[in-house]
Colleague: 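Handing you this structure, nothing more for now.
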Amino acid sequence: MFKKKLLTLSLGLLLCGMGSGTAGAAPQFKNNKELAAYFWNQIFNEHHTAVIDELTGDSYIQHSPGFKDGKQAFKEGIAGFLKEFPESTAEIKHLGADGDLVFIHNHIKLNSQDRGQAAVDIFRIKKGKIVEHWDVIQDIPEKAENSNTMF
C-alpha cells in the first residue's frame with residue numbers, strides 16, 4: 001500500500017522534497033518542457049530535492065488523492081519516499097507540452113530489480129514555477145497479453 005501511495009505521488013510529490021539540494025540556482029529554461037524535465041530528473045533520478053523550493057510555486061495544487069495540497073506536504077512526501085527508497089529512479093520515456101501543461105510518461109522503479117510502474121504525470125507551470133500536478137499510475141505486469149511494452 002505504501003509503495004502505491006508513494007508512487008502515486010510520483011510527480012505530484014516530485015515537486016516537493018527535503019534534504020539533499022542542488023548546487024546553486026536552477027538554470028534558465030527555453031520552455032516549460034525543459035523546466036519540467038530538469039525538475040523531474042533532479043528529484044527522482046539525482047535525488048536533489050532542493051529544486052522543489054526553487055521551481056515549485058508557493059501555491060501548489062495536488063490532484064493525486066493520496067496527498068494533501070501544498071508545497072510543504074509535497075516536500076514531506078518526497079523526503080519520506082526517497083528515504084524509504086534510496087535506489088529509486090523514474091526514467092522519462094516521453095515528454096510533451098500543450099500551453100502551460102507538461103506531460104511526462106515515465107518508468108518508476110524502486111530499485112534495479114523492480115519491474116516498476118508506468119506513469120503519466122501532468123504539471124501546470126505558471127511564471128516559471130510548477131503550480132499543479134496530476135498523475136495516472138499503472139503497475140507493469142509480469143506477463144502481458146501482447147508483445148508491446150508500456151513505453
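Throughout, numbering of the chain's residues begins at 1 and tracks the sequence.
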Colleague: Please output the side-chain donor-acceptor pairs of residues 85-95 that fall under 3.5 Å, not counting sequence neighbours, one pair per line with the distance.
Modeller:
unit_1, atom_1, unit_2, atom_2, d
Ser88, OG, Phe85, O, 2.9
Glu91, OE1, Lys93, NZ, 3.3
Glu91, OE2, Lys93, NZ, 3.4
His94, ND1, His105, ND1, 2.9

Colleague: For the residue pair Asp69 / Gln62, report whether a side-chain donor-acceptor contact shorter than 3.5 Å exists.
Modeller: no

Colleague: Check which hydrophobic residues are tied to Val136 through side-chain heavy-atom contacts below 4.5 Å, counting indirect links as well, and list them.
Modeller: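 In the cluster with Val136 there is nothing else; it is isolated.
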
Colleague: Return the minimal non-hydrogen interatomic distance between Lys71 and Thr56, and the atom names on each side.
Modeller: NZ-O, 2.9 Å

Colleague: Which residues pass the side-chain hydrogen bond (donor to acceptor under 3.5 Å, both in side chains) test with Asn111, sequence neighbours left out?
Modeller: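 Listed in chain order: nothing, the list is empty.
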
Colleague: Take Lys129 and Asp58 through the salt bridge (Lys or Arg N to Asp or Glu O under 4.0 Å) test and state the conclusion after the steps.
Modeller: CA-CA 9 Å; Lys129 302 284 186 179; Asp58 291 336; over 6 Å; no

Colleague: Do any N or O atoms from the side chain of Asn31 and from the backbone of Glu34 form a donor-acceptor pair under 3.5 angstrom?
Modeller: yes

Colleague: Is the shortest heavy-atom distance from the side chain of His63 to the side chain of His133 under 4.5 Å?
Modeller: no

Colleague: Measure the spacing between CG of Asp121 and CZ of Phe39 and express it to the nearest 0.5 Å.
Modeller: 10.5 Å

Colleague: Does the side chain to side chain contact (heavy atoms under 4.5 Å, CB included) test come out yes or no for Asp98 and Phe103, once each step is laid out?
Modeller: CA-CA 8 Å; Asp98 182 19; Phe103 309 85; 4.0 Å; yes

Colleague: How would you list, by chain and number, every residue that makes a side-chain hydrogen bond (donor to acceptor under 3.5 Å, both in side chains) with Asn41, sequence neighbours excluded?
Modeller: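 For Asn41 the side-chain hydrogen bond (donor to acceptor under 3.5 Å, both in side chains) partners, ignoring immediate neighbours, are Asn45.
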
Colleague: How far does CD of Glu54 sit from CD of Gln42, to the nearest 0.5 angstrom?
Modeller: 8.5 Å

Colleague: Got a donor-acceptor contact below 3.5 angstrom from the Asp139 side chain to the Pro141 backbone?
Modeller: no

Colleague: Using modelled atom types only, decide if a donor and an acceptor are shared between the side chain of Asn106 and the backbone of Ile104 within a distance under 3.5 Å.
Modeller: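 Yes: the side chain of Asn106 pairs with the backbone of Ile104.
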
Colleague: Verify side chain to side chain contact (heavy atoms under 4.5 Å, CB included) between Leu82 and Thr49, making sure each step is shown before the conclusion.
Modeller: CA-CA 9 Å; Leu82 293 176; Thr49 58; 3.4 Å; yes

Colleague: What's the spacing between Leu101 CG and Lys33 NZ if we round to 0.5 Å?
Modeller: 13.5 Å

Colleague: Looking at every non-hydrogen atom in both residues, tell me the closest pair between Ala36 and Ile125 and how far apart they are.
Modeller: CB-CD1, 4.3 Å

Colleague: Starting from Ile140 and following side-chain heavy-atom contacts under 4.5 Å between hydrophobic residues (I, L, V, M, F, W, Y), which residues can be reached?
Modeller: Met150, Phe151

Colleague: For Lys126, which residues count as a side chain to side chain contact (heavy atoms under 4.5 Å, CB included) partner, sequence neighbours excluded?
Modeller: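 Side chain to side chain contact (heavy atoms under 4.5 Å, CB included) check on Lys126 returns Arg124, Val131.
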
Colleague: Tyr38 vs Phe29 aromatic rings, parallel, tilted or perpendicular, using cut-offs 30° and 60°?
Modeller: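 Because their plane-to-plane angle lies in the 30° to 60° range, the rings of Tyr38 and Phe29 count as tilted.
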
Colleague: Do Ile130 and Leu35 come within less than 4.5 Å of each other through their side chains, counting heavy atoms only?
Modeller: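 Yes, side chains in contact.
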
